[in-house]
Amino acid sequence: MEDQVHLMSAHIGLTGLSQEDAGDPDDIRKHPNFGQPQQHFGDILQQIMAITEERLDEAQARKHALNYHRMKPALFSVLCEMKEKTALSIRGIQEEEPPDPQIMRLDNMLLAEGVAGPERGGASAAAAAVAAAAGGSPDDGNFEDADYREKLAQIRQIYHTELEKYEQACSEFTNHVTNLLREQSRTRPTSPKENERLVEIIHRKFSAIQLQLKQSTCEAVMILRSRFLDARRKRRNFSKQAIEILNEYFYSHLANPYPSEKAKEELAKKCSITVSQVANWFGNKRIRYKKNILKFQEEANLYVMKTAVDAASVSSQTSQATSPATPNSGCWWLAGQ
DNA sequence: AATTATGATTTCCT
DNA sequence: AGGAAATCATAATT
């Protein structure tokens, strides 16, 4: 019995410490309660702060754990299977749509105008523009044409830089999405079809943006065209001087008023007009001269006189081709009458 | 306003 | 291709 009491007391004694602590009515005063909550909140705050940093690691750890779970491969394959099935139904919905006819139209137009596609005489146009800007050389008389080409080149440049920008952004974005998808493919099944679809969606979005660029470019070209081409269409008479030169050549070569390409170039240069204008002039002149020679007799005599005087002043012999007053044997103006 | 002159364009031919 | 012829569109003239 005694032993038992001892044992018990001993046992009690073991727990006595806690009993004493809790039992002491002064305990509350000995450990002031005011300090306790402060420390507590501090801990909580710290924990909260820590969460923001720990979560990622935790998540990574959880992900890692999942990835290496022994059931993972099996479950993953099941997932893949399910995905295949749903993808099949999705695949059925999307079909190959023909390229937007509107875009096609715009593309064709831009191509036709030389805005898109390879540099169509772009270098020469730029050179002409530069030459015109440099000193307005009387070389090429058609300033309007040069101006037009310069403006067109400008539009073309803007168009190309913008297009390039868009393309770059598009490929960048596509790359990004592809990378993202690849990243995701580690935790969820992704099919190449899915990637394809996403890329296609991206391209569609970007081409919608490009459509606007193309539209505005087309508009600009149209405006330029209506401004310049129509202005060019308005006929301007050649200068008196030019007419002099042309007539001189015509009547001094009345026997064969067909200037060679070289001669045309020279005349164009002298008259400050284009070669094709020279060709036009000669075409018109020939047909109109032969339509009624009588009407042009006066003019013919005038220029024959003029060249004769010139020839006389230059050299003594005047018995050259500068004698068209006497109809030649060729008689080009009797050709198709 | 009507007519003519003239540069450009179109069509056809070779 | 390059020219003839017809035609168009506008400048110049009357």
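In what follows, chains are A, B, ... by sequence order, proteins preceding strands, each numbered from 1.
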According to a 4.5 Å side-chain heavy-atom criterion applied to Ile, Leu, Val, Met, Phe, Trp and Tyr, with indirect links allowed, do A:Phe250 and A:Met305 form part of one hydrophobic cluster? no
Can you give me the closest heavy-atom contact between A:Pro257 and A:Arg286, atom names plus distance? O-NE, 3.1 Å
Whole-Å distance separating the CZ atom of A:Arg288 from the C1' atom of C:dA5: 11 Å
With sequence neighbours left out, what residues match A:Arg105 under side-chain contact (heavy atoms from CB on, under 4.5 Å)? A:Gln102
Could you check whether the side chain of A:Asn284 and the base of B:dA8 have a donor-acceptor pair of N or O atoms closer than 3.5 Å, going by distance alone? yes
Would you mind classifying the nucleic acid contact of A:Lys291 as base, sugar-phosphate or nothing, using non-hydrogen atoms under 4.0 angstrom? sugar-phosphate
Taking ring-ring contact (aromatic ring centres under 6.0 Å, His included) as the test, write out the residues that go with A:Phe206, two or more places apart. none
Spacing between A:Lys285 atom NZ and B:dG7 atom P, to the nearest angstrom: 9 Å
Please determine, for the side chain of A:Lys290, which listed nucleotide (B:dT6, B:dA8, C:dA5) has the closest atom? C:dA5
Among residues two or more places apart or on two chains, list those pairs meeting salt bridge (charged side-chain N to carboxylate O under 4.0 Å, His left out) that have a residue in residues 165-176 of chain A. A:Glu162-A:Lys165
In residues 243-250 of chain A, which residues come under 4.0 Å of DNA chain B by heavy atom? A:Ile243
Rounding to a whole Å, what distance do you find between A:Trp333:CH2 and C:dG3:C1'? 18 Å
Write down the distance between CZ (A:Phe282) and P (B:dT6), rounded to a whole number of angstrom. 15 Å
Does a side-chain N or O of A:Lys264 approach OP1 or OP2 of C:dG3 to a distance below 4.0 Å, or not? yes
Atom-to-atom span, CD1 of A:Ile287 to C1' of B:dT10 - whole angstrom: 14 Å
For A:Tyr289 and B:dT6, what is the distance between atoms OH and C1' respectively, to the nearest whole Å? 18 Å
Which listed nucleotide (C:dG2, B:dG7, C:dA4) is nearest to the side chain of A:Trp281? B:dG7
Mind checking what makes side-chain contact (heavy atoms from CB on, under 4.5 Å) contact with A:Ile155, not counting sequence neighbours? A:Thr217, A:Ala220, A:Val221, A:Leu224
Does A:Leu106 sit in a hydrophobic cluster with other residues, and if so which ones, taking ILVMFWY side chains as linked at heavy-atom separations under 4.5 Å, directly or through other members? A:Ile103, A:Leu211
C:dT10 C1' sits how many Å from A:Phe238 CZ, rounded? 14 Å
Not counting sequence neighbours, which residues clear side-chain contact (heavy atoms from CB on, under 4.5 Å) with A:Ser239? List them please. A:Gln241, A:Ala242
A:Asn280 near the nucleic acid: base, sugar-phosphate alone, or nothing, with a heavy-atom cut-off under 4.0 Å? base
Using C1' atoms of five pairs at each end, report the bend of the helix from B:dA1-C:dT14 to B:dT14-C:dA1 rounded to 10 degrees. 0°
From CZ of A:Arg235 over to C1' of C:dC8, roughly how many Å is that when rounded to an integer? 11 Å
Residues two or more places apart in sequence or in another chain: which of them pass side-chain contact (heavy atoms from CB on, under 4.5 Å) with A:Val177? A:Phe173, A:Leu198, A:Ile202
Go nucleotide by nucleotide along DNA chain C from the 5' end; which of A:Tyr258 and A:Asn237 gets its closest nucleotide reached first? A:Tyr258
Please tell me if A:Gln277 has a side-chain N or O lying less than 4.0 Å from either OP1 or OP2 of B:dG7. no
Out of A:Tyr303, A:Phe296, A:Trp281, A:Phe282, which one pairs with A:Tyr289 under the ring-ring contact (aromatic ring centres under 6.0 Å, His included) rule? A:Phe296
